[in-house]
Amino acid sequence: MLLISGSVRSKNASSAGVRLLLDMAIASLGIWAIGGAFVPGVRDAVITWPHLIGIGNSSGHVFRVLPLILIATAAIHGATAERIRSAPLLILAAGMGVFIPFLLQMSGRAGSPDSGVGIAATAGGAAALVSAIFAGARKGKFNRDLSVNFVPGHNIVLQLTGVMLLIVAYMVIAASGDLLSYRFGERTVSTLMCAMSAALVGASFGKLKFGKIDSGLALASCLGGLTAGAVGVGPTWIAVPLGCALGLIVPWSIMTLEIRFRVDDVTGVVATQLISGVLGMIVASSVAFVRDPTAWVLMWFGFVVIAPVVGAAIAAGVCLACKSQKRLRQSEDAEFDGSDLSELDVNAYPDFQQTMIKSYHLREL
């Protein structure tokens, strides 16, 4: 929430936070209603209403997948910020709350070493890419001469704070995923080393290319390293070179997607989650192949192919349905005024913005 709120313009900061709160509420209810029946380790789960509401089952146990679902849904928010309506995002949150646990159960049956981050990151990253393409770019982002306008986030401190908290969160998630005879703590240390090496190389990339450190590229590189490291790439002598590679791949991917393919990804999640997650899973599959050659093929298809395809399919279905009803993108007036006014009728920073003379809702009438 801090990362995305800081990455948007100030007129959309409050709305971004409230949307993510509602996203968490919908995802939680999706787990409670249906998705919890598919959580790995829930042996007595049956698709009947008494089990879905927790009768005869440990209802608290199923919510251990909630952080993974929020990794996936937050990616969609970050990629489509400042121009998409709330309804498609909340529908996608419900879909992820159902299908992410199902994919996790499939991967568990395949004997995967992954902590679940790979599935959540790649499914969410693919859904974010599809959603961003359907939603289109923000007004004024691209010019007719094919040049690109840089739209900076309004508060770098919020972004930095969000990333710092995500470092801790990903290390905790990584520590809970030691499933293939990993020494306890190996994955946690590898996650940290992958993220730190990626951040350092990403900052160096910006310094060499622009003459100054680009904070956005450095933060994105760090997030890419977190994603790849938390998948379970093995010892640090593998994690550090992977992080260094991601420190180059993530900034290059963000710039290429924006300049060449004209994809307006506000927080760069396509690179930090989809691309980094796929690369991390390839490395993790290779490490697992050395330890258990029989599991490699199942992991390859279960992680690298199925999760992104499912995420993209869910996003495409929701976006097509909303677009057909003209409920996908905000109106031009709402986008110009900002989501804070159009959705909440408030300003995130009233002391630094012109306050409303009339309520937005009254002006609509």
Side-chain angles (χ1 to χ4, degrees), residues 3 71 75 78 113-115 117-118 120-122 125 156 159-160 162-175 177 182-183 185-260 265 267-291 299-300 303-304 308:
L3 173 61
I71 289 173
D114 184 75
S115 59
V117 174
T122 54
I156 186 62
Q159 298 177 48
L160 287 166
V163 170
M164 290 295 185
L165 292 174
L166 282 172
I167 292 172
V168 178
Y170 269 77
M171 290 174 65
V172 171
I173 292 174
Y182 279 39
R183 296 190 307 275
E186 178 184 86
R187 185 176 302 202
T188 306
V189 175
S190 295
T191 299
L192 180 62
M193 293 298 99
C194 190
M196 296 300 98
S197 55
L200 185 60
V201 174
S204 302
F205 177 92
K207 180 68 174 180
L208 293 173
K209 188 169 183 63
F210 304 113
K212 297 180 180 179
I213 294 177
D214 187 300
S215 60
L217 295 181
L219 292 178
S221 299
C222 180
L223 289 175
L226 280 174
T227 300
V231 168
V233 296
T236 55
W237 64 267
I238 296 176
V240 171
L242 177 61
C244 293
L246 288 170
L248 299 175
I249 293 171
V250 168
W252 177 84
S253 299
I254 290 174
M255 296 170 62
T256 301
L257 285 169
E258 186 173 279
I259 297 172
R260 186 169 183 179
D265 181 0
T267 56
V269 293
V270 176
T272 61
Q273 291 198 194
L274 178 58
I275 296 175
S276 299
V278 167
L279 290 175
M281 289 189 293
I282 292 173
V283 174
S285 297
S286 301
V287 172
F289 174 70
V290 175
R291 299 182 176 183
M299 283 185 293
W300 173 270
F303 281 90
V304 183

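Index from 1, following the sequence. Not measured: the values here are computed from a predicted model.
At distances below 3.5 Å, at least one donor-acceptor pair connects side-chain atoms of Ser197 with backbone N or O atoms of Cys194.
Here the side chains of Val283 and Ser286 are not in contact, with every heavy-atom distance at 4.5 Å or above. By the 4.5 Å heavy-atom criterion applied to side chains, Ile167 and Leu192 are counted as neighbours. The side-chain heavy atoms of Val287 and Val233, taken from C-beta on, include no pair separated by under 4.5 Å.
The two residues Met193 and Val240 come nearest to each other via the heavy atoms CB-CG2, 3.9 Å. Scanning all heavy atoms of the two residues, the minimum distance from Gly280 to Leu242 falls at CA-CD2, 4.5 Å. Of all the heavy atoms in Ala75 and Gly125, the pair that sits closest is CB-N, 4.4 Å.
Atom CD1 of Ile71 is separated from atom OG1 of Thr122 by 11.0 Å, given to the nearest 0.5 angstrom. Atom-to-atom distance recorded for Ser204:OG and Lys209:NZ is 14.5 Å, nearest 0.5 angstrom. Atom OG1 of Thr256 is separated from atom CD1 of Ile259 by 7.0 Å, given to the nearest 0.5 angstrom. In this structure, the separation between OG1 on Thr188 and CD1 on Ile173 is 11.0 Å, given to the nearest 0.5 Å. Here CD of Gln273 is found 8.0 Å from OG1 of Thr267. Values are rounded to the nearest 0.5 Å.
Applying the salt bridge (charged side-chain N to carboxylate O under 4.0 Å, His left out) test to every pair with at least one member in residues 239-258, sequence neighbours left out, gives these pairs: Lys141-Glu258.
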Name every donor-acceptor pair, under 3.5 Å, that has one atom in a side chain of residues 221-230 and the other anywhere in the protein, sequence neighbours excluded.
residue : atom : partner : partner atom : Å
Ser221  : OG   : Leu217  : O            : 2.8
Thr227  : OG1  : Leu223  : O            : 3.1
Thr227  : OG1  : Thr272  : O            : 3.1

Output side-chain donor-acceptor pairs under 3.5 Å for residues 245-252, partner residues at least two apart or in another chain, one line each.
none

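Take Ile156 and apply the side chain to side chain contact (heavy atoms under 4.5 Å, CB included) test, not counting sequence neighbours, and it matches Gln159, Leu160, Ser215, Leu219. Residues passing the side chain to side chain contact (heavy atoms under 4.5 Å, CB included) test with Lys207, sequence neighbours excluded: Ile213.
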